[in-house]
Number of protein chains: 2
Amino acid sequence: MGASRQQSPQMAKELLGKGVLIQEAAKRLFMSQGYLATSMDAIAGAAGVSKATLYAHFKSKQALFEAMVQERFRANMGENLLPLHLGDDPYEGLLAVAKRFLGMLLAQDALAAVRLVLAESTRLPELSEAFYRSGPARTLQMVATYLDYLHQQGRLHVPDPATGADLFLGQLKGKLYLKCLLGLQNEASSEEIERHAAVAAAAFVASCAPVIPKK
Amino acid sequence: MGASRQQSPQMAKELLGKGVLIQEAAKRLFMSQGYLATSMDAIAGAAGVSKATLYAHFKSKQALFEAMVQERFRANMGENLLPLHLGDDPYEGLLAVAKRFLGMLLAQDALAAVRLVLAESTRLPELSEAFYRSGPARTLQMVATYLDYLHQQGRLHVPDPATGADLFLGQLKGKLYLKCLLGLQNEASSEEIERHAAVAAAAFVASCAPVIPKK
DNA sequence: GTCTATAGCCTGATAGAC
DNA sequence: GTCTATCAGGCTATAGAC
């Protein structure tokens with residue numbers, strides 16, 4: 001047995017091999033400091049292995065980065081924005097979606113991922129594309145589907161669900177999202193999320209309802 | 001006189017001294033590649049001077065970066081979002097504001113600045129703050145002032161102009177902004193900007209109008 | 001597979017001639 | 001002020017012992 005041993009907080013991780021430990025350390029560091037500012041020495045140290053071991057699992061820094069990113073996007077895929085039961089009231093349904101959306105968007109992890117993707121977007125265009133498809137595009141699609149449902153049911157007037165979803169999600173972000181992304185607001189309070197979600201949902205319903213008098 | 005000479009495209013710049021040349025080269029490179037990926041050698045080369053000259057003007061890489069950023073923000077301050085004559089129709093006024101806002105937001109320069117600030121937001125929190133104050137905060141303020149004016153005139157129902165401005169500008173960004181920021185859409189066409197601005201302005205007016213009967 | 005040690009390069013910053 | 005030449009240190013990646 002070797003002399004020094006770094007015990008992971010969760011023993012189960014040991015069983016998965018060091019590749020996982022390395023990826024998790026890499027994820028933490030890449031996310032918080034960016035690609036260039038994160039050295040392979042630092043990752044090796046954080047994972048409790050030597051640099052040579054690290055290169056035995058990943059053939060280069062770039063390869064490690066890409067493996068970490070793919071893992072992150074795979075995790076994204078699992079999340080579902082729409083609650084199982086949306087009820088019949090458009091406002092209540094949109095409010096529920098809005099709260100879920102904001103909670104997901106303002107999580108520290110998600111914010112760090114966006115910062116990272118944007119920082120590397122020039123160097124790695126395919127990273128931007130993969131991010132967009134796995135995140136924003138899917139969210140827009142889900143909301144558009146829901147809006148179309150409401151439209152078909154006659155509960156809301158949304159002749160163009162794709163554009164409607166874009167407007168609604170845009171409203172939902174607002175300055176709150178920007179401030180969190182910039183790190184100016186360390187964590188959004190639940191009350192703030194609720195308030196913002198309610199305002200946006202009400203505004204959207206209001207903008208869709210009064211279509212009839214036109215014509 | 002030295003043997004080799006780098007002629008700037010504009011002779012006038014020579015008169016301003018090399019400090020300006022250096023800052024412009026630094027701005028180009030920092031903006032397009034980020035802080036860490038830009039070396040002092042590269043800046044010196046792009047500015048047509050030696051590295052020692054560069055250090056004669058700026059005492060460190062960090063100092064050069066901050067000078068460049070401050071210059072960028074100073075330039076920001078000059079822009080005014082509101083047209084001189086907004087007219088009486090709320091929709092037309094908001095449409096004009098929307099088009100200006102999108103044009104400003106989607107300029108390559110502005111996109112690069114946002115990417116840069118976000119990338120460095122962890123390392124330089126005060127940079128985030130300066131950016132927010134010089135850009136988004138001022139924009140929100142201007143739009144809120146205009147919305148308050150419309151409200152006072154009774155042309156639109158906006159009891160909370162600050163929140164209204166946030167909703168309107170959020171709507172205005174939408175996926176178009178995100179795609180440009182990610183570099184997935186090299187340049188937004190004028191038609192796309194006009195269409196998006198019109199949709200957002202119409203939606204905002206619709207969400208505000210029905211509360212009080214027009215006239 | 002895992003370690004220690006190091007190669008080879010690039011970086012930010014400086015010394016000294018002119 | 002501007003240059004050439006260079007330093008000291010950090011970086012990615014690899015060699016070789018075990």
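Computed over heavy atoms, backbone and side chain alike; hydrogens, waters and symmetry mates excluded. Owing to the predicted nature of the structure, the values given are computational and were not obtained by experimental measurement. The sequence lines fix the lettering, A, B, ..., with proteins before strands; numbering per chain opens at 1.
- Rounded to whole Å, atom P of C:dA7 lies 13 Å from atom NZ of A:Lys51.
- Listed nucleotides: D:dT4, D:dT12, C:dA13. Nearest to the side chain of A:Asp41: D:dT12.
- Note that the CG atom of B:Leu127 and the CZ atom of B:Phe73 stand 5.0 Å from one another [nearest 0.5 Å].
- B:Lys59 places its NZ atom 15 Å from the C1' atom of C:dT14, with the value rounded to the nearest Å.
- The distance from atom CG of B:Leu54 to atom P of C:dT14 is 12 Å, rounded to the nearest whole Å.
- Among the nucleotides D:dT4, C:dG12, C:dC3, the one closest to any side-chain atom of B:Met40 is C:dG12.
- The closest side-chain heavy-atom distance from A:Asp166 to B:Val199 is not below 4.5 Å.
- Here C:dG12 presents its P atom at 4 Å from NZ of B:Lys61, a figure rounded to the nearest Å.
- A salt bridge is absent between A:Lys27 and A:Glu24; no separation between the charged side-chain nitrogens and carboxylate oxygens falls under 4.0 Å.
- Put simply, B:Thr53 has no side-chain N or O that comes within less than 4.0 Å of OP1 or OP2 on D:dT2.
- Between A:Ser39 and A:Ala52, it is A:Ser39 whose nearest contact on DNA chain D lies nearer the 5' terminus.
- Between the CD1 atom of A:Ile43 and the C1' atom of D:dT12 there is a distance of 11 Å, given to the nearest Å.
- Residue A:Tyr55 places no side-chain N or O under 4.0 Å from the OP1 or OP2 atom of D:dT14.
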Item to check | Test side chain to side chain donor-acceptor pair (under 3.5 Å) applied to A:Gln70 and A:Glu66, step by step | outcome: CA-CA 6 Å; A:Gln70 281 193 356; A:Glu66 283 166 5; over 6 Å; no
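- To the nearest angstrom, P of C:dT14 lies 15 Å from CZ of B:Phe58.
- Listed nucleotides: C:dG12, D:dT12, D:dT2. Nearest to the side chain of B:His57: D:dT2.
- With rounding to whole Å, A:Leu21 atom CG is found 14 Å from C:dG1 atom C1'.
- Rounded to whole Å, the distance from OH on A:Tyr35 to P on D:dT12 is 8 Å.
- Residues A:Glu71 and A:Arg74 are paired through a salt bridge, judged by an N-O separation under 4.0 Å between the basic side chain and the carboxylate.
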